[in-house]
Amino acid sequence: MSKIIVIIGAPGAGKGTQSRLLSEEYGYPQISTGDILREMARADTPLGRKVKETMAAGLLVSDEILGEVIRARTSQPDCNNGYILDGYPRTLDQASLLEELASQQGKQIRFARIVVPEEALFKRLTGRRECSKCREIYNIYFRPPKVDGVCDLDGAPLTQRSDDHPEPVSRRLEEYKRSTAPLIDYYSKSGRLIEINGEQPVDVVFEKLLAAADGPNN
Ligand code: AP5
């Protein structure tokens, strides 16, 4: 049966970094709700402006909008064999929609949570830089590019996300505790969540995620 691999974690835990690696390994698309919403926020429409404001405030976009986004994206043909969810679900309502979709699509869900203490998250987020072309992720403290401000892979300039400045980062971490902690409790109690220490090197976290994704049904 094809799979949905769900990566859960606080802002900066490494969901994007690991989802990219999993996508290469399995050939499944990486579905980042943050990337989809950032694209929507670029449109000068009432919906685009609403999404942009909500993200800039470090709050979660409504479950209703996310429902439409996730239904539309996961019904694309490239998802037929499986897909990786990076940043979805983040609320109990989103989790129940995911269960519904998995059963309609005939897919099994594997959940893994990357756990990183809050003190480390702040530095990861404020130090993050992203390639403006290929989206490779760097960190000025932990994974600097060879040449300052330039992508190692394609030479394109690196950019900083507007919500990676100190104030929005603090708000995102608060919102995570408020809205996503109940979801983690729910998955933990149901015994379906595999927890991985995200303070290990990227390749070690990746090995553990592969084991979680390939492990027995949960
Ligand atoms: P989104 O884009 O998903 O942001 P996020 O959850 O805040 O997570 P990040 O992308 O910031 O971090 P990450 O865990 O992917 O870490 P990364 O791999 O980049 O969402 C943005 C906004 O969109 C939300 O605030 C919300 O408004 C909205 N949104 C999105 N989904 C939504 C939903 N489902 N419902 C409602 N609203 C939604 O790594 C971070 C840094 O750490 C990098 O510099 C990296 O190099 C470094 N790093 C990674 N792994 C390691 C390691 N093992 N060791 C050392 N450094 C590491």
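In each ligand, atom 1 is the first atom listed, and ligand 1 is the first ligand listed. A quick note: this is a predicted structure, and the numbers were derived from the prediction, not measured.
Remark: Lys107 NZ is packed, more than 12 non-hydrogen atoms of other residues, nucleotides or ligands lying under 6.0 Å away.
The closest donor-acceptor contact from the side chain of Tyr88 to the backbone of Ile31 lies at 3.5 Å or more, if one exists at all. When atom types are taken as modelled, the side chain of Arg90 and the backbone of Gly87 share a donor-acceptor pair closer than 3.5 angstrom. With hydrogens and angles disregarded, no donor-acceptor distance shorter than 3.5 Å links the side chain of Ser132 to the backbone of Thr159.
The Ile137 neighbourhood of ligand 1 comprises atoms 19 (O), 43 (C), 44 (O), 45 (C), 46 (O), with distances under 4.0 Å to a heavy atom of that residue. Short contacts between ligand 1 and Gln94, defined as distances under 4.0 Å to a heavy atom of the residue, involve ligand atoms 33 (C), 34 (N), 35 (N), 36 (C). Those atoms of ligand 1 that come under 4.0 Å of a heavy atom in Gly16, given as number and element, are 13 (P), 15 (O), 18 (O).
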**Request:** Verify salt bridge (charged side-chain N to carboxylate O under 4.0 Å, His left out) between Glu167 and Arg171, making sure each step is shown before the conclusion.
**Result:** CA-CA 7 Å; Glu167 203 184 310; Arg171 287 198 300 256; 2.9 Å; yes
**Request:** Tell me, with the steps shown, if Lys50 and Glu53 meet salt bridge (charged side-chain N to carboxylate O under 4.0 Å, His left out).
**Result:** CA-CA 5 Å; Lys50 188 174 171 192; Glu53 261 171 42; over 6 Å; no
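At a heavy-atom distance under 4.0 Å, only side-chain atoms of Leu66, from C-beta outward, approach ligand 1. At a heavy-atom distance under 4.0 Å, atoms from both the backbone and the side chain of Val202 approach ligand 1.
In this structure, Arg129 does not count as a contact residue of ligand 1, since none of its heavy atoms falls inside 4.0 Å of the ligand. Ligand 1 has no atom lying under 4.0 Å from any heavy atom of Gln18. At a 4.0 Å cut-off, at least one heavy atom of Gly12 sits close enough to ligand 1 to count as contact. Distances shorter than 4.0 angstrom do not occur between any heavy atom of Gly58 and any atom of ligand 1. Residue contact check for ligand 1: Ala10 places a non-hydrogen atom closer than 4.0 Å to it. Within the structure, the closest approach of Ala13 to ligand 1 falls below 4.0 Å when heavy atoms are considered.
Atom CZ of Arg20 sits about 6.0 Å away from atom SG of Cys134, to the nearest 0.5 Å.
For the ring-ring contact (aromatic ring centres under 6.0 Å, His included) test, residues two or more places apart in sequence or in another chain that qualify with Tyr187 are Phe111.
Comparing Thr33, Leu37, Val61 against atom 29 (N) of ligand 1, the shortest heavy-atom distance belongs to Leu37. Among Leu59, Ile65, Val116, Ile114, the residue whose heavy atom lies closest to atom 27 (O) of ligand 1 is Leu59. Ranked by closest heavy atom to atom 24 (C) of ligand 1, the top entry among Arg90, Gln200, Glu175 is Arg90. Nearest-residue assignment for atom 52 (C) of ligand 1 (options Glu53, Arg124, Glu199, Arg172; heavy-atom criterion): Arg124.
Looking at Pro201 next to ligand 1, no N or O pair under 3.5 Å apart turns up.
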Could you list the donor-acceptor pairs under 3.5 angstrom formed between side-chain atoms of residues 201-211 and any protein atom two or more places apart in sequence or on another chain?
unit_1: Lys208; atom_1: NZ; unit_2: Gln200; atom_2: OE1; d: 3.2

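When all heavy atoms of Asp78 and Arg73 are compared, the pair lying nearest together is OD2-NH2, 2.8 Å.
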